[in-house]
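All values below come from the heavy atoms of this structure, side chains included, with hydrogens, waters and symmetry mates left out.
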Amino acid sequence: MITNAVKNSHNIPLSAGGTDPEYFDWQEVWYPVHYVEDLDKTKPTPFTLLERDIVIWWEEKNHQWRVFEDQSPHRLAPLSQGRINETGCLECPYHGWAFSGRGNCEIIPQQKEEGKAEKSSRATVKSLPTKVCQCLLFVYAGKVENAAQTPIPTVDVLDENSDKSSNEWVCLNTFRDLPYDALTLMENVLDSSHIPYTSNSTGETLVRFPTVR
């Protein structure tokens, strides 16, 4: 009975911010980081999430956007300055170490033919959970095991009115790199008096800002 209870607990949805009702953990949240249409599948894209450097790249093998911490486990070189090589792995620009979608090292060019250093856990890159929803790439910054149970903050009315022929909502895919923190951004967005000016309309336009720093 205890075993079954533990298994069932993994299916219970979690609230954004973690399990402690007295403390909001900013890591335990899905964050929209990029419009998918603006990402280039042929090269890595750098991004900063919660003061953490990450790299976004396309893994063709599994047809999935991947997000790693933006540093090689070898010499800490930024992987965002590397490339997606012929095998479909993200290759470090410094020594050519190459990593597959889950962060596992697949190639170390400098080791001897019989070497297996790439199998070491020290050779892996930290990989973050990703999900594409409403044309945005979301990244989960917290514990990997909590990602599947935490809801993605999508705009419900957009799913309810997904028919392209509907004119009920107009979405402007605007991307701005704003030089202040997420709480200041949230306060500004909740200030409804700005809408007629920033959207340059009567307030019927839905404007989404995906960047969070």
> Distance from Asp20 atom CG to Ser15 atom OG, nearest 0.5 Å?
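These two atoms lie 11.5 Å from each other.
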> Given side chains that start at C-beta, do those of Trp57 and Phe68 come closer than 4.5 Å, heavy atoms only?
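In contact.
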> Using only heavy-atom distances, determine whether the side chains of Ser72 and Tyr94 contain a donor-acceptor pair under 3.5 Å.
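Result is no, nothing qualifies.
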> With a 4.5 Å limit on heavy-atom distance, are the side chains of Ile107 and Cys105 in contact?
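The answer is no; the side chains never approach within 4.5 Å.
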> Among the clusters formed by ILVMFWY side chains lying less than 4.5 Å apart, do Val139 and Phe47 turn up in the same one?
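Yes; tracing contacts between hydrophobic side chains, which count when under 4.5 Å, links both residues.
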> Does the side chain of Thr42 come within less than 4.5 Å of Ile84's, by heavy atoms?
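No, side chains not in contact.
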> Give a yes-or-no answer on whether the side chains of Gln71 and Asp53 include a donor-acceptor pair shorter than 3.5 Å.
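Short answer, no.
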> Please check if any side-chain donor atom of Tyr180 sits under 3.5 Å from a side-chain acceptor atom of Asn188, or the reverse.
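Asn188 and Tyr180 do have a side-chain donor-acceptor pair below 3.5 Å.
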> Centroid separation under 6.0 Å, is that true for the rings of Trp30 and Phe138?
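They do not qualify: ring centres at least 6.0 Å apart.
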> Is there a donor-acceptor pair closer than 3.5 Å between any side-chain N or O of Thr130 and the backbone N or O of Trp65?
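Yes, because the side chain of Thr130 sits within donor-acceptor range (under 3.5 Å) of the backbone of Trp65.
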> Can Leu39 and Trp58 be said to form a side chain to side chain contact (heavy atoms under 4.5 Å, CB included), step by step?
CA-CA 9 Å; Leu39 291 170; Trp58 176 255; over 6 Å; no
> Walk me through it: do Leu136 and Val36 pass the test side chain to side chain contact (heavy atoms under 4.5 Å, CB included)?
CA-CA 6 Å; Leu136 289 166; Val36 173; 5.9 Å; no
> In terms of ring plane angle, is the pair Phe99 and Trp97 parallel, tilted or perpendicular, where the classes change at 30° and 60°?
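The arrangement is tilted - the two ring planes meet at 30° to 60°.
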> Taking only residues two or more places apart in sequence, or in another chain, which ones meet Glu118 in a salt bridge (charged side-chain N to carboxylate O under 4.0 Å, His left out)?
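Listed in chain order: nothing, the list is empty.
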> I want to check something: taking the side chain as every heavy atom from C-beta on, are Glu37 and Asn173 in contact at a cut-off of under 4.5 Å?
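Side chain of Glu37 against side chain of Asn173, heavy atoms only: contact under 4.5 Å found.
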> Quick check: do His34 and Val67 have side-chain heavy atoms less than 4.5 Å from each other?
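A side-chain contact under 4.5 Å is absent here.
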> Given side chains that start at C-beta, do those of Glu91 and Glu106 come closer than 4.5 Å, heavy atoms only?
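A side-chain contact is absent here, since even the closest heavy-atom pair is not under 4.5 Å.
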> Answer whether the closest heavy-atom distance between the side chains of Met186 and Thr184 falls below 4.5 Å.
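Met186 vs Thr184: side chains apart.
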> With side chains defined as the heavy atoms from C-beta onward, is the minimum distance between Thr45 and Val55 less than 4.5 Å?
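In short, these two side chains do not touch, never coming nearer than 4.5 Å.
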> Examine the side chains of Tyr140 and Gln27 and answer whether a donor and an acceptor come within less than 3.5 Å of each other.
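On atom types as modelled, these side chains do not qualify, holding no pair under 3.5 Å.
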> Please check if the number of heavy atoms outside Arg102 that lie under 6.0 Å from its CZ is greater than 12.
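Atom CZ in Arg102 is not packed in, count stays at 12 or less.
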> Does Thr154 have any side chain to side chain donor-acceptor pair (under 3.5 Å) partners at least two apart in sequence or in another chain, and if so, which?
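For Thr154, no residue satisfies side chain to side chain donor-acceptor pair (under 3.5 Å) once neighbours in sequence are set aside.
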> Flag yes if more than 12 heavy atoms outside Glu187 fall under 6.0 Å of its CD atom; otherwise flag no.
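Check fails, neighbour count at 12 or below.
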